[in-house]
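Data block below; observations after.
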2 protein chains.
Amino acid sequence: MNTPAEKNHNPSPEHNHEKCVSKAIGTAEHLCVVRGVQLTPIRHQVLELIWENHKAVKAYELLDRIKPVMDAAKPATIYRALDFLIEQGLIHRIESLNAFVGCNCSGHQHEQLLLICKQCNEVEERPATEVMQALSLEFDQAGFVVHSKALEIHGICVKCIGLNDKQN
Amino acid sequence: MNTPAEKNHNPSPEHNHEKCVSKAIGTAEHLCVVRGVQLTPIRHQVLELIWENHKAVKAYELLDRIKPVMDAAKPATIYRALDFLIEQGLIHRIESLNAFVGCNCSGHQHEQLLLICKQCNEVEERPATEVMQALSLEFDQAGFVVHSKALEIHGICVKCIGLNDKQN
DNA sequence: AAAGCTAATTTTATATTATTACATTCATTG
DNA sequence: CAATGAATGTAATAATATAAAATTAGCTTT
Ligand SMILES: [Zn+2]
Ligand SMILES: [Zn+2]
Ligand SMILES: [Zn+2]
Ligand SMILES: [Zn+2]
C-alpha cells in the first residue's frame, strides 16, 4: 500500500513522538487507577497501537496489527477495547472516517475541534475556545440541549501544505 | 417499531410540511435544470422519500421504502441516488449517524451546523454565522486549508424539551 | 434509420464496519 | 473458598457501503 496517507512517514525532527506516547500512556494509566477502572493488557495494547502515530486508524487495521501479538483477537476484542478507551476519554472516534485517534486532552474538556488532513491522515485536536463559545450561544438561541458534539474538519494540514509547496 | 424516534409523528400544527416538501422539490427541480443535470425518476423518488419528514433516515430504510414502487431496487440504486443528491447539495449526509436528511439551504452556503435530536430524530440546520466565523479564524491560525466540514451536535431539541416538560 | 456515444441503470458479488449472544475466565472481596 | 461482577473468547450475523461488468435509454452524427 502506498496511498498519500502513507507518505510523510517520518515525523518532523522537532517532534519527539516518544514523548507524546509516554505522556499519553502515562496519563491513561494514572487516570485509570484514579477512576478505579482497569487498563487491562488488551486495552493497553490497543491504546499503544493507536498512539503509534497521530493518524486516524481504523478498527480492522488495529485488529490486523494486534493479531501477531494476540492471535485470538476478533472484531469484538477491538471494539470492546475501543469502547472502553472512548468512555474513558482516552481516544476520539472520528465519525466521518469510522476511525480512531489518540486524545491528548485526556481528562480535561474532551469535545474538541478535529482538523483531519486528507493527505497525511494526521489529526490535530484544538480546543477552539471561541468556536465553542459561539456554539454555546447558538444552542441557547435554538433552545437545544447538547449531549455530544462531532466537530470534524477535513482538509490539508499546515505541514502538508509546506511539503507540497516545496515540491513546486 | 415504536422507538422514541417514532414518537411525535405529527408535526406541530403551525408547521405546514407540504410547503416544506413542495419548496424542496421545486428548488431541486429548478437547480437541476439550471445546472444541466438530470433529476431522474429514481433520484426524484429518493428525494421525496427523504423529505417525508425532517428526520434523519438511513440508506437501507430508504431501500425498504422504495421497493414497493421499484422492486428492482438494490443498495447501489439508493447509494447512487444519494451520491447524486449530496453532490448537488440537495441533502446532507449525517456522518455521526450514517444517515441522511433533506437540505433546505440548497444552492446557498451548504455546510451548516446540524442539531440532531436524539428523541424525535429531527435535524435542524442552522447557518450559525458566528460559529463559522470563529471556525475560519481557527483554520487561519492553524494554517489548515478546509475542504469540508462535519458539524454535528446531538442532544434534545426545543420541541421535545417542551413535550417532556408537559409530561411532568 | 443505423451507428456511435454517454449517462444512467441493473445485477451480482463483495468489502467494510459493527453488534449480539453465550460460554468461559479472571479478579475482588466477603 | 465461594460468590459476584468485570473482562474476554468465540461464533455468528447485522448493518453499511462499494466494485465491476453488462445492459439500457436517450442523444448525436452520419
Ligand atoms: Zn507525537
Ligand atoms: Zn497533512
Ligand atoms: Zn416540514
Ligand atoms: Zn426532538
Side-chain angles (χ1 to χ4, degrees), chain A residues 1 3 5 28-29 31-33 35-47 49-50 56-88 90-101 121 150 152, chain B residues 1 3 5 28-29 32-33 35-47 49-50 56-67 69-88 90-101 121 150 152:
Chain A
M1 192 166 52
T3 62
E29 288 170 348
L31 284 176
C32 287
V33 171
R35 294 172 183 168
V37 296
Q38 301 179 52
L39 191 60
T40 62
I42 291 178
R43 293 164 177 177
H44 199 280
Q45 193 86 249
V46 170
L47 186 60
L49 285 175
I50 288 177
V57 59
K58 302 249 166 185
Y60 280 72
E61 279 174 38
L62 291 171
L63 183 53
D64 289 343
R65 291 212 259 147
I66 211 175
K67 268 184 179 157
V69 200
M70 272 199 53
D71 191 45
K74 301 274 188 320
T77 317
I78 295 296
Y79 280 104
R80 275 196 296 241
L82 291 171
D83 286 348
F84 171 85
L85 295 171
I86 289 168
E87 265 173 30
Q88 298 301 322
L90 301 173
I91 64 173
H92 292 287
R93 178 180 157 86
I94 303 171
E95 300 290 350
S96 48
L97 289 180
N98 296 326
F100 305 85
V101 74
N121 214 27
E152 304 176 359
Chain B
M1 193 165 52
T3 64
E29 289 170 347
C32 287
V33 171
R35 294 172 182 171
V37 295
Q38 300 181 53
L39 193 59
T40 62
I42 291 178
R43 293 165 177 176
H44 199 280
Q45 193 84 250
V46 170
L47 186 59
L49 285 176
I50 288 176
V57 60
K58 301 250 168 185
Y60 280 70
E61 278 175 39
L62 290 170
L63 183 54
D64 290 342
R65 290 211 260 147
I66 212 175
K67 265 184 182 158
V69 200
M70 274 200 50
D71 190 45
K74 302 276 187 320
T77 317
I78 295 296
Y79 280 105
R80 269 194 307 252
L82 290 171
D83 286 347
F84 171 85
L85 296 170
I86 290 168
E87 265 172 30
Q88 298 301 320
L90 301 172
I91 64 174
H92 293 287
R93 178 180 157 84
I94 303 170
E95 301 290 351
S96 48
L97 289 180
N98 296 328
F100 305 85
V101 73
N121 213 28
E152 305 176 359

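Predicted, not measured: the structure shown is a model, and the values here were computed from it. Each chain gets a letter, A, B and so on, in the order its sequence line appears, and its residues count up from 1.
- One interatomic measurement links the two molecules: OH of A:Tyr79 to C1' of C:dA21, which rounds to 18 Å at whole-angstrom precision.
- The distance from atom CG of A:Leu49 to atom CZ of A:Phe100, rounded to the nearest 0.5 Å, is 13.5 Å.
- Of the listed nucleotides (C:dA8, C:dT17, D:dT8), C:dA8 has the atom at the smallest distance from the side chain of B:Thr40.
- For the atom pair CG (A:Asp83) and CD1 (A:Ile78), the distance works out to 11.5 Å, reported to the nearest 0.5 Å.
- Along DNA chain C, the nucleotide nearest to A:Ala59 and the one nearest to B:Met70 differ in position, and the one closer to the 5' end is contacted by B:Met70.
- Taking atom CG of B:Leu82 as the reference point, atom C1' of D:dT18 lies 13 Å away to the nearest angstrom.
- Separating the CG atom of B:Asp71 from the C1' atom of C:dT11 is a distance of 13 Å, rounded to the nearest angstrom.
- Across all strands shown, B:Ala76 has heavy atoms under 4.0 Å from base atoms, whether or not it also approaches the sugar-phosphate.
- Annotation: of the two residues near DNA chain D, A:Phe84 and B:Pro75, the 5′-most nearest-nucleotide partner is A:Phe84.
- Here B:Asn98 does not reach the OP1 or OP2 of C:dT17: none of its side-chain N or O atoms lies under 4.0 Å away.
- Across D:dG9, C:dT9, C:dA18, the shortest atom-to-atom separation from the side chain of A:Arg80 is found for D:dG9.
- Rounded to whole Å, atom C1' of D:dA7 lies 14 Å from atom CD of A:Gln88.
- The base of C:dA15 lies outside donor-acceptor range of the side chain of A:Tyr60, with no N or O pair under 3.5 Å.
- As rounded to whole Å, 16 Å separates atom C1' of C:dA18 from atom CD of A:Glu61.
- Atom-to-atom, CD of A:Gln45 to C1' of D:dA7 comes out at 16 Å; the value is rounded to the nearest Å.
- Taking CG from A:Leu63 and CG from A:Leu82, the interatomic distance works out to 10.0 Å, rounded to the nearest 0.5 Å.
- B:Thr77 contributes atom OG1, which lies 5.5 Å from atom CE of B:Met70 (distance to the nearest 0.5 angstrom).
- Per the geometry, CG belonging to B:Asp64 stands 10 Å off P belonging to D:dT16, to the nearest Å.
- Proximity of A:Gln38 to the phosphate of D:dA6: no side-chain N or O atom is located under 4.0 Å from OP1 or OP2.
- As rounded to whole Å, 12 Å separates atom P of D:dT10 from atom NZ of A:Lys67.
- The residue from A:Leu90, A:Leu85, A:Val57 that alone fulfils the side chain to side chain contact (heavy atoms under 4.5 Å, CB included) condition with A:Val46 is A:Leu85.
- In this structure, B:Ala72 and A:Asp83 both approach DNA chain C, and ranking their closest nucleotides by distance from the 5' end singles out B:Ala72.
- Regarding contacts with the backbone of D:dA7, a side-chain N or O of A:Arg43 is found under 4.0 angstrom from either OP1 or OP2.
- Of the listed nucleotides (D:dT10, C:dT11, C:dA18), C:dT11 has the atom at the smallest distance from the side chain of B:Lys74.
- Taking the side chain as every heavy atom from C-beta outward, A:Glu152 and B:Glu152 never approach each other to under 4.5 Å.
- Regarding contacts with the backbone of C:dT17, a side-chain N or O of A:Lys58 is found under 4.0 angstrom from either OP1 or OP2.
- Here A:Arg93 reaches the OP1 or OP2 of C:dA18: one of its side-chain N or O atoms lies under 4.0 Å away.
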